[in-house]
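A quick write-up on the structure given underneath.
Numbers restart at 1 for each chain; the letters A, B, ... are given by sequence-line order, proteins then strands.
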Number of protein chains: 2
Amino acid sequence: MEQRAAHRSGAVDKRRQILDAAVTVFARQGFHATRVSDIADEAGVAYGLVYHYFNSKDQVLNELFLERWSLLLAAIEEAERTPGSHREKLGAVAGFIFESYRHDPELMKVIIVEVTRAANSFGRTHLEEIRRAYEGIAKIVADGQAAGEFRSDVAPRFASQAFYGAVEQLLTEWIFDDVQVADSRFEEARNLLVTTICDGLEPR
Amino acid sequence: MEQRAAHRSGAVDKRRQILDAAVTVFARQGFHATRVSDIADEAGVAYGLVYHYFNSKDQVLNELFLERWSLLLAAIEEAERTPGSHREKLGAVAGFIFESYRHDPELMKVIIVEVTRAANSFGRTHLEEIRRAYEGIAKIVADGQAAGEFRSDVAPRFASQAFYGAVEQLLTEWIFDDVQVADSRFEEARNLLVTTICDGLEPR
DNA sequence: GCACCCTGATTGACGAGTCAATCAGGGTCA
DNA sequence: TGACCCTGATTGACTCGTCAATCAGGGTGC
């Protein structure tokens, strides 16, 4: 029983090992510049094993993206449902994204650089999932307008884009800098975002 | 005389022709997916001629980027100098960027997707030039704070990132959509940006 | 006849994906 | 208990297509 479990989980571990190694090398060299052998080397695993668990190099990235993006979508829905002001809801969304970066900067770098901002490759492939996030944010804005918390002369979809774009740009700067970001910065960034954008969305 | 002009300008034209063709194919297929022969075909020119005018495929993209980015930097400086409120200055910057997209969507797509947002390849190469733009915008914000037009509890550099990020995200949506954007949208987008961000930056 | 523009076949490197072979553990039956 | 088989994990050399970059030569105007 334990043997079987060890056997099974041994297999699962290798798969996970490959995914984790892929994050590291994708983050370091970028998707295009990494050879499948780089992933295998980083994972301490034979070249062919990558193809035992995945159909292609693309699929490795897809899996990494979907794994984390589904968490973001869940967090947005959670924020929608949680009672509180709509400003707080947007703050929760921004907070989750910054927190994701704090938790695993390499993974967030890969997702943003290789998927979210890659309009010619994976961004197109995952357009639907990506847009689901924008729509979730837009819904919070629309609800906030209905509740009179936000001005109504700004299209929710536009506001959503501006909000998300600002978040991602701040992350991108950290990504470019490639230095450890001090913890205080995360809180600061979240507050800045909420302050600036939400105050800008307040009724006049 | 006319012959010589034709000769000389013939050469210059070919160079230009190659650059223009590159914009089209880069926009259609992305930098990585376009072969140098694609550029030559689109330009109606022999493969080798591309290497007569450029050292590498990379250099073609670099040239396209620098050509346009220098215009943006000039526009930002121009906005700084032009008298008026700081809100108007930021509006001018956003207006210039949206106008650039209206004027040549393919070129802007290439620049944003392949350079500005490509943290692993050309974005890194041109980091300095890109940041010069952020700094220009930050300077406008800082001046606005000094003049009492903007609140002072938001770091100019942060505000600049949020502002630019919002602009680029709106552009990115248009890029993804890949449809002709109605003229009214440009004006709308510029107004939204200025309204939301600048109102958010107003003193409380 | 020289200086430059232009051509496109050729080369050489590179990397994704394949595949045939080995290995390890666990179940089965006498 | 031990002989046997089966499954699927693991390996890495190899194939095969692709593409950037080179190069040798053919025009053309001055």
Response to the item:
Residue set satisfying salt bridge (Lys or Arg N to Asp or Glu O under 4.0 Å) with A:Glu99, at least two apart, ordered chain then number -> A:Arg102

Response to the item:
Nearest heavy-atom approach of A:Ala79 to A:Val93 is CB-CG2, 3.9 Å

Worksheet item: CG of A:Asn55 versus C1' of C:dA16: gap in Å, rounded?
Response: 13 Å

Discussion item. Please list all pairs meeting ring-ring contact (aromatic ring centres under 6.0 Å, His included) that have one or both residues in residues 74-100 of chain B, counting only residues at least two apart or in different chains.
Written reply: B:Phe98-B:Trp174

Worksheet item: Can you check the A:Lys57 NZ to C:dT18 C1' distance for me, whole Å?
Response: 17 Å

Item to complete: Please list, chain by chain and in numerical order, all residues satisfying side chain to side chain contact (heavy atoms under 4.5 Å, CB included) with A:Ala159, sequence neighbours excluded.
Response: A:Val141, A:Val154, A:Leu201

Worksheet item: Atom CG of B:Asp58 and atom C1' of D:dA20: how far apart are they, to the nearest Å?
Response: 10 Å

Item to complete: Quickly work out the B:Phe54 CZ to C:dC6 P distance and round it to whole Å.
Response: 12 Å

Worksheet item: Looking at residues 36-51 of chain B, who's got a heavy atom less than 4.0 Å off DNA chain C?
Response: B:Val45, B:Ala46, B:Tyr47, B:Gly48, B:Leu49

Item to complete: Check whether any side-chain N or O of A:Lys14 sits under 4.0 Å from OP1 or OP2 of D:dA9, and answer yes or no.
Response: no

Worksheet item: Of all residues at least two apart in sequence or in a different chain, which pass the salt bridge (Lys or Arg N to Asp or Glu O under 4.0 Å) check with A:Asp153?
Response: A:Arg151

Item to complete: Specify the residues of residues 24-35 of chain B, ordered by number, for which at least one heavy atom lies under 4.0 angstrom from an atom of DNA chain D.
Response: B:Thr34, B:Arg35

Item to complete: Can you measure from CZ (B:Arg15) to CG (B:Asp13) and round to the nearest 0.5 angstrom?
Response: 12.0 Å

Worksheet item: Within 45 degrees of the axis of the six-membered ring of A:Phe31 and under 6.0 Å from its centre: does A:Lys57 put its NZ or CZ there?
Response: yes

Discussion item. Would you say the ring centers of A:Phe122 and A:Phe65 fall short of 6.0 Å from each other?
Written reply: no

Response to the item:
Separation of C:dT7 atom C1' from B:Ile18 atom CD1, nearest Å, is 12 Å

Worksheet, complete the sentence: Considering only heavy side-chain atoms of B:His52, the closest of C:dC6, D:dA9, D:dA20 is C:dC6

Discussion item. Under 4.0 Å from OP1 or OP2 of D:dT10: is there any side-chain N or O of A:Tyr53 that close?
Written reply: yes

Response to the item:
When rounded to the nearest 0.5 Å, the distance separating CD of A:Glu80 from NZ of A:Lys89 is 8.0 Å

